[in-house]
Amino acid sequence: MPMLLPKQVKYRKAFRGKRRGAAKGGTRLAFGEFGLRALENGWVTAAQIESCRVAISRSLSRGGKVWLRIFPDKPVTTHGQEKPMGAGKGLVDHWVAVVKRGRVLFEVDGIPEMLAKETFRVAACKLPISSRFVSRKDEVAG
């Protein structure tokens with residue numbers, strides 16, 4: 001499966017923006033029984049999302065369903081090493097998902113809690129931001 005990227009965008013290149021504040025939406029489990037929630041703000045690249053997806057689906061070899069709750073829709077541009085200053089904005093290098101704290105990144109269902117915890121522990125190691133395991137029963141209680 002190729003890396004995630006949008007089919008079409010309104011603007012080819014984007015400003016970097018601010019990486020602060022909490023998530024406005026996507027903070028609760030919507031599909032699965034267990035999830036992985038971001039504890040800090042940052043950018044998650046398409047390659048990192050794909051790496052997590054592969055790690056999760058490998059551990060769910062028998063049964064279980066995965067939902068990706070983030071999508072890389074922000075283009076990141078770069079210049080070559082030898083390019084002088086003032087030559088305009090660089091070409092699109094890769095795509096990132098802007099993640100704010102509190103955002104649910106991935107969800108799974110149809111597996112026991114211990115397997116889900118281990119699965120998300122492996123997936124969390126592949127992310128550039130810290131995250132926490134959450135379950136639906138914790139959300140109801142808290």
Side-chain angles (χ1 to χ4, degrees), residues 1-81 83 85-142:
M1 181 178 155
M3 264 331 161
L4 292 171
L5 74 154
K7 286 192 184 84
Q8 183 179 336
V9 288
K10 190 168 183 180
Y11 299 107
R12 217 162 39 97
K13 297 171 181 178
F15 290 144
R16 290 176 64 83
K18 299 280 185 262
R19 302 183 204 189
R20 60 182 181 219
K24 288 198 305 188
T27 58
R28 306 190 60 117
L29 292 174
F31 305 101
E33 192 67 28
F34 310 107
L36 192 65
R37 178 178 284 147
L39 295 179
E40 56 188 13
N41 302 340
W43 286 353
V44 180
T45 67
Q48 289 161 346
I49 295 170
E50 179 65 13
S51 176
C52 287
R53 187 196 65 78
V54 168
I56 292 169
S57 53
R58 283 216 173 118
S59 68
L60 306 183
S61 55
R62 298 178 288 284
K65 181 154 172 47
V66 184
W67 288 271
L68 306 179
R69 296 284 306 276
I70 54 174
F71 186 81
D73 55 0
K74 182 186 190 77
V76 177
T77 60
T78 56
H79 260 310
Q81 286 278 286
K83 199 86 171 190
M85 295 286 282
K89 195 165 168 81
L91 300 173
V92 173
D93 183 53
H94 60 277
W95 295 82
V96 297
V98 178
V99 174
K100 303 279 184 98
R101 67 178 186 273
R103 176 80 194 205
V104 175
L105 307 172
F106 305 99
E107 292 186 35
V108 294
D109 201 2
I111 59 169
E113 185 170 358
M114 290 305 292
L115 179 59
K117 269 190 178 161
E118 179 58 25
T119 299
F120 283 135
R121 187 190 65 76
V122 171
C125 290
K126 300 181 183 302
L127 291 171
I129 56 176
S130 60
S131 52
R132 171 176 288 148
F133 175 82
V134 289
S135 68
R136 200 172 282 278
K137 68 176 187 221
D138 295 344
E139 283 193 348
V140 172

From [X] [atom1] over to [Y] [atom2], what is the distance, rounded to the nearest 0.5 angstrom?
{"X": "L4", "Y": "F71", "atom1": "CG", "atom2": "CZ", "answer": "5.5 Å"}
{"X": "H79", "Y": "L91", "atom1": "NE2", "atom2": "CG", "answer": "8.0 Å"}
{"X": "T45", "Y": "E50", "atom1": "OG1", "atom2": "CD", "answer": "10.5 Å"}
{"X": "L127", "Y": "I70", "atom1": "CG", "atom2": "CD1", "answer": "7.0 Å"}
{"X": "Q48", "Y": "R53", "atom1": "CD", "atom2": "CZ", "answer": "15.0 Å"}

Between F106 and L68, does a side-chain contact (heavy atoms from CB on, under 4.5 Å) hold up when you go through it step by step?
-> CA-CA 5 Å; F106 305 99; L68 306 179; 3.4 Å; yes
For residues 100-124, the side-chain hydrogen bond (donor to acceptor under 3.5 Å, both in side chains) pairs (sequence neighbours left out) are S59-T119, R69-E107, E113-K137, E118-R121
Under a 4.5 Å cut-off applied to non-hydrogen side-chain atoms, are V9 and P75 in contact?
->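 V9 does not reach P75 side chain to side chain.
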Would you say the side chain of V104 lies within less than 4.5 Å of the side chain of W67, judging by non-hydrogen atoms?
-> no
Who passes side chain to side chain contact (heavy atoms under 4.5 Å, CB included) against D93, sequence neighbours left out?
->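 So D93 forms a side chain to side chain contact (heavy atoms under 4.5 Å, CB included) with T78.
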Verify side-chain contact (heavy atoms from CB on, under 4.5 Å) between W43 and V99, making sure each step is shown before the conclusion.
-> CA-CA 6 Å; W43 286 353; V99 174; over 6 Å; no
Over all atoms of both residues, closest heavy-atom pair of [X] and [Y]:
{"X": "V98", "Y": "K74", "value": "CG2-CD, 3.6 Å"}
{"X": "I56", "Y": "A123", "value": "CG1-CB, 3.8 Å"}
{"X": "A97", "Y": "I49", "value": "CB-CD1, 4.1 Å"}

Could you give the side-chain donor-acceptor pairs of residues 12-36 under 3.5 Å, partners two or more places apart or in another chain?
from	atom 1	to	atom 2	distance (Å)
K13	NZ	K89	O	3.3
K13	NZ	G90	O	3.2

